[in-house]
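Structure record follows, encoded as structure tokens.
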Amino acid sequence: LIGSTQEAQSQGTASVNEAEISVKLVPLSERDRSVFAFSEDVQQQIEAAVGEDVNVEMSVSTSSGSTPTTTSFRLLNTNEKALAEDVANVQKALQQESVVVDVRSDLANTVEELQIEVDKEAVKQYGLVPAQVAQTVYNMTRGMLATQIITDDGEVLSVYVSFGEAFSANVDNLREMELRAPSGVFVPLEAVASIKVAEAPTSIRRSDQTPAVAVFVDYESDASLGRISEVVDEAIAGVTLHEGTEVAFRGDRELYDSSI
């Protein structure tokens, strides 16, 4: 196209000093280079031929709809504390790379929440298991279904019994909540669990039920996807990840890996 681009045409606009060339490659099985390697080589050749007066842009990196100068990946681990530490260490390593403009993750958006961590050894002493503690706390703060009532119109109404805000509105009251052990002894919650107000992400991603954190890397516009992929790989390799932490790439990087 001369005097416009596909995007500009769809919007009904034009520009006399712009042109666009579309190239369709043969299937990957019939060539020895990926689409990204081809694009990088062609871009360098065109820039060398036209000189500095012409700006050459390759749009292949936007084929999946993502931002051209942003790549992303996910870290996964069933241990959320270890996952958060690994994310922080990977971000720190990436921020030291000159080609990287900014690094952010899902953990950046946080909100204060009440966290209860059960001491597995402490609950054993009272003949309890963590799941029992969690269920008791849930029932006493959220309420329990006591019965159901069917109205004359056939509508089913659920009746819940709860302590109101006796425990949910006051942390000290929550610490003093008593749990009934199998022996009949009543144990305060603070004796078997730590209770604190801490920062937590506003949303938790999961991949196959495993907690996951997405990391977004903004890089300089003159860096190729192949180059930033190498930088990311080297940064991750330089960090000692916790056991069980996995790295999964997405977006353009996923396409890049599959096309090599």
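Sequence positions, counted from 1, serve as the residue numbers for this chain.
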Next item on the list: Please name the pair of heavy atoms, one in T78 and one in T210, separated by the smallest distance, quoted to 0.1 Å.
Entry: N-CG2, 3.9 Å
Next item on the list: Working to the nearest 0.5 Å, report the span between CE of M177 and OG1 of T141.
Entry: 6.0 Å
Next item on the list: Measure the spacing between OG1 of T245 and CD of E85 and express it to the nearest 0.5 Å.
Entry: 9.5 Å
Notebook entry, point to check: Once you round to the nearest 0.5 Å, how far does OG of S229 lie from CZ of F249?
Noted result: 7.5 Å
Note to self: Under the rule for side-chain contact (heavy atoms from CB on, under 4.5 Å), what residues qualify as partners of R175, not counting sequence neighbours?
What the structure shows: V171, D172, E190, I195
Next item on the list: Please round to the nearest 0.5 Å and tell me the distance separating atom NZ of K81 and atom CD of E117.
Entry: 7.0 Å
Notebook entry, point to check: In terms of hydrophobic clustering (I, L, V, M, F, W, Y; side-chain heavy atoms under 4.5 Å; direct or indirect links), are L174 and F163 co-clustered?
Noted result: yes
Next item on the list: Answer yes if the side chains of Q43 and E47 hold a donor-acceptor pair under 3.5 Å, and no otherwise.
Entry: yes
Margin query: I need the minimum non-hydrogen distance between Y219 and V101, along with the two atoms involved.
Written below: C-CG2, 3.7 Å
Margin query: I need the F167 CZ to R142 CZ distance, nearest 0.5 Å.
Written below: 15.0 Å
Checklist line | Distance in Å, E234 CD paired with L94 CG, rounded so as to fall on 0.5 Å steps | finding: 11.0 Å
Check: What pair of heavy atoms forms the shortest contact from A93 to A235, and how long is it?
Finding: CB-O, 4.0 Å
Check: Of the non-hydrogen atoms in T240 and D86, which two are nearest, and what is the gap between them?
Finding: O-OD1, 4.1 Å
Check: Any side-chain heavy atom of V23 within less than 4.5 Å of one from V42?
Finding: no
Notebook entry, point to check: Checking side chain to side chain contact (heavy atoms under 4.5 Å, CB included) for the pair V133/L189: CA distance, chi angles, key distance, verdict?
Noted result: CA-CA 8 Å; V133 176; L189 179 60; 3.8 Å; yes
Note to self: Test side chain to side chain contact (heavy atoms under 4.5 Å, CB included) on D119 and V192; report intermediate values, then the result.
What the structure shows: CA-CA 5 Å; D119 186 331; V192 296; 5.6 Å; no
Next item on the list: Locate the shortest heavy-atom distance separating S162 from G143; write the atom from each residue and the value.
Entry: CB-CA, 3.5 Å
Margin query: Please determine whether residues L114 and V118 belong to a single hydrophobic cluster, defined as Ile, Leu, Val, Met, Phe, Trp and Tyr linked transitively by side-chain heavy-atom distances below 4.5 Å.
Written below: yes
Item checked: Flag, side chain of D218 to backbone of D102, donor-acceptor distance under 3.5 Å -> no
Next item on the list: Treating Ile, Leu, Val, Met, Phe, Trp and Tyr as nodes and any side-chain heavy-atom pair under 4.5 angstrom as an edge, say whether V232 and V100 lie in one connected cluster.
Entry: yes
Notebook entry, point to check: Within the side chain of N77, is there an N or O that forms a donor-acceptor pair under 3.5 Å with the backbone of P211?
Noted result: no
Next item on the list: Looking only at non-hydrogen atoms, find the nearest pair between E178 and F186 and report the distance.
Entry: OE1-CB, 4.0 Å
Note to self: Assess, by modelled atom type and distance only, whether the side chains of N139 and Q135 contain a donor and an acceptor separated by less than 3.5 Å.
What the structure shows: yes
Could you list the donor-acceptor pairs under 3.5 angstrom formed between side-chain atoms of residues 145-161 and any protein atom two or more places apart in sequence or on another chain?
unit_1, atom_1, unit_2, atom_2, d
T151, OG1, D153, N, 3.4
T151, OG1, E155, N, 3.1
T151, OG1, E155, O, 3.4

Check: Can L241 and I236 be said to form a side chain to side chain contact (heavy atoms under 4.5 Å, CB included), step by step?
Finding: CA-CA 8 Å; L241 300 177; I236 295 176; 4.3 Å; yes
Checklist line | For Q91, all residues meeting side chain to side chain donor-acceptor pair (under 3.5 Å), sequence neighbours excluded | finding: S105
Margin query: Under a 3.5 Å distance rule, please check whether E230 uses its side chain to pair with a backbone N or O of R227 as donor and acceptor.
Written below: no
Margin query: side chain to side chain contact (heavy atoms under 4.5 Å, CB included), that's the test. Do V129 and V123 meet it? Break it down for me.
Written below: CA-CA 6 Å; V129 295; V123 294; 5.8 Å; no
Notebook entry, point to check: According to a 4.5 Å side-chain heavy-atom criterion applied to Ile, Leu, Val, Met, Phe, Trp and Tyr, with indirect links allowed, do M144 and M140 form part of one hydrophobic cluster?
Noted result: no
